[in-house]
Amino acid sequence: MIAFPAYAGSLHIRDADTIVVDGTPVRLNGVDAPELKTRAGQDAKRWLTNYLRGKAISCDLTGERTYDRWVGICYADGKDIGASVIAAGQGLDCPRYSNGRYGHLETPAAKSRIRRARYC
């Protein structure tokens with residue numbers, strides 16, 4: 001694992017499962033968030049932007065990459081961001097990559113309105 005700390009001043013939110021920390025794009029491992037082209041995706045990005053504002057961000061990277069992104073688990077003030085996204089109903093668990101780590105956090109509302117990606 002590769003770890004690096006950053007703060008919200010050096011943070012950009014692409015969508016609810018990809019953040020850019022100190023210029024490094026990070027795909028939140030095991031999170032299936034709705035695409036930005038959907039209303040749910042826009043809402044999820046807005047939620048994550050507000051949630052992360054002012055928090056200290058750190059990531060443990062797996063060393064794997066997907067497209068231009070590193071894969072990892074990131075934390076906001078020590079709390080798993082992926083878990084927060086899913087518990088807030090802004091995304092779903094992607095068990096293929098999370099090994100079911102977040103399944104218990106999925107909300108009924110998210111399960112009914114967000115379509116799980118086929119690759120999960």
Student: At what distance, to the nearest 0.5 angstrom, does CG of Leu11 lie from SG of Cys74?
Tutor: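 One gets 9.0 Å once the value is rounded to the nearest 0.5 Å.
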
Student: Under the side-chain contact (heavy atoms from CB on, under 4.5 Å) test, which residues partner Ala44, sequence neighbours left out?
Tutor: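 Counting only residues at least two positions away or on another chain, Ala44 forms a side-chain contact (heavy atoms from CB on, under 4.5 Å) with Ala16, Pro34, Gln90.
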
Student: Indicate the atoms forming the closest heavy-atom contact of Val21 with Cys59, along with that distance.
Tutor: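 Minimum heavy-atom separation between Val21 and Cys59: CG2-SG, 4.0 Å.
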
Student: Quick one: closest heavy-atom pair of Val26 and Gly72, and the distance?
Tutor: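 Closest approach of Val26 to Gly72: CG1-N, 4.0 Å.
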
Student: Only counting residues at least two apart or in another chain, list the ones meeting side chain to side chain donor-acceptor pair (under 3.5 Å) with Arg116.
Tutor: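 Result, side chain to side chain donor-acceptor pair (under 3.5 Å) vs Arg116: Glu106.
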
Student: Do the side chains of Leu92 and Leu105 join up, straight or via other hydrophobic residues, at under 4.5 Å, putting them in one cluster?
Tutor: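 Hydrophobic grouping puts Leu92 apart from Leu105.
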
Student: Would you check if there is a donor-acceptor pair between the side chains of Arg69 and Thr18 at a distance under 3.5 Å?
Tutor: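 Side chains of Thr18 and Arg69: pair found under 3.5 Å.
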
Student: Quick check: do Arg14 and Val20 have side-chain heavy atoms less than 4.5 Å from each other?
Tutor: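 A side-chain contact under 4.5 Å exists here.
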
Student: Can you tell me how far the CD atom of Gln42 sits from the CH2 atom of Trp47, to the nearest 0.5 Å?
Tutor: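 So the gap between those two atoms works out to 16.0 Å.
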
Student: Are Tyr97 and Val31 connected in a single hydrophobic cluster, I mean Ile/Leu/Val/Met/Phe/Trp/Tyr linked by side-chain heavy atoms less than 4.5 Å apart?
Tutor: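 No, Val31 and Tyr97 fall in different hydrophobic clusters.
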
Student: Does the side chain of Ile13 come within less than 4.5 Å of Leu52's, by heavy atoms?
Tutor: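 Result yes, sub-4.5 Å side-chain heavy-atom pair found.
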
Student: Heavy atoms only: give me the nearest Ile81-Ala76 pair and the separation to one decimal.
Tutor: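 It is CG1-N, 3.6 Å.
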
Student: Enumerate the disulfide (SG to SG under 2.5 Å) contacts for residues 20-53, please, sequence neighbours excluded, ordered by first and then second residue.
Tutor: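 Output for this query is empty, none listed.
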
Student: Which residues pass the side chain to side chain donor-acceptor pair (under 3.5 Å) test with Arg65, not counting sequence neighbours?
Tutor: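 Side chain to side chain donor-acceptor pair (under 3.5 Å) check on Arg65 returns nothing, list empty.
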
Student: Evaluate the criterion salt bridge (charged side-chain N to carboxylate O under 4.0 Å, His left out) for residue pair Asp17 and Arg27; output intermediate values, then yes/no.
Tutor: CA-CA 6 Å; Asp17 58 26; Arg27 171 68 162 86; 3.6 Å; yes

Student: May I ask you to decide if Tyr75's main-chain N or O and Asp80's side chain share a donor-acceptor pair within less than 3.5 Å?
Tutor: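 Flag not set: sc Asp80 to bb Tyr75 has no pair under 3.5 Å.
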
Student: Check whether any side-chain heavy atom of Thr107 sits under 4.5 Å from a side-chain heavy atom of Ile86, and report yes or no.
Tutor: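 Thr107 vs Ile86: side chains apart.
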
Student: Has the side chain of Arg113 got a donor or acceptor atom that lies under 3.5 Å from a matching backbone atom of Gly89?
Tutor: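 Between the backbone of Gly89 and the side chain of Arg113 there is a qualifying donor-acceptor contact (under 3.5 Å).
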
Student: Taking the side chain as C-beta and beyond, is there a heavy-atom pair between Glu64 and Thr62 under 4.5 Å?
Tutor: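 They are in side-chain contact.
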
Student: Would you give the length of the straight line joining atom CD1 of Ile57 to atom OG of Ser10, rounded to the nearest 0.5 angstrom?
Tutor: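 Ile57 CD1 to Ser10 OG: 8.5 Å, rounded to 0.5 Å.
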
Student: Could you tell me the separation between the CG atom of Leu48 and the CD1 atom of Ile19, rounded to the nearest 0.5 Å?
Tutor: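 It is 7.0 Å, given to the nearest 0.5 Å.
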
Student: For the atom pair NE2 (His12) and OG1 (Thr49), what is the distance rounded to the nearest 0.5 Å?
Tutor: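 Going from the NE2 atom of His12 to the OG1 atom of Thr49 covers 8.5 Å.
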
Student: Going by the rule side-chain contact (heavy atoms from CB on, under 4.5 Å), which residues pair with Ala117 if we only count those two or more places apart in sequence or in a different chain?
Tutor: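 Checked Ala117 against side-chain contact (heavy atoms from CB on, under 4.5 Å); matches are Asp32, Tyr119, Cys120.
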
Student: Which atoms form the tightest heavy-atom contact between Asn29 and Tyr102, and what is the distance?
Tutor: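 Closest pair (atom of Asn29, atom of Tyr102, distance): O-CE1, 3.5 Å.
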
Student: Under the rule for side chain to side chain donor-acceptor pair (under 3.5 Å), what residues qualify as partners of Tyr51, not counting sequence neighbours?
Tutor: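 With sequence neighbours excluded, Tyr51 shows a side chain to side chain donor-acceptor pair (under 3.5 Å) to Ser84, given in chain and number order.
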
Student: First locate atom CD of Glu35, then atom CG of Asp15, and finally report the distance between them rounded to the nearest 0.5 Å.
Tutor: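 Answer for the CD-CG pair, Glu35 versus Asp15, is 6.5 Å.
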
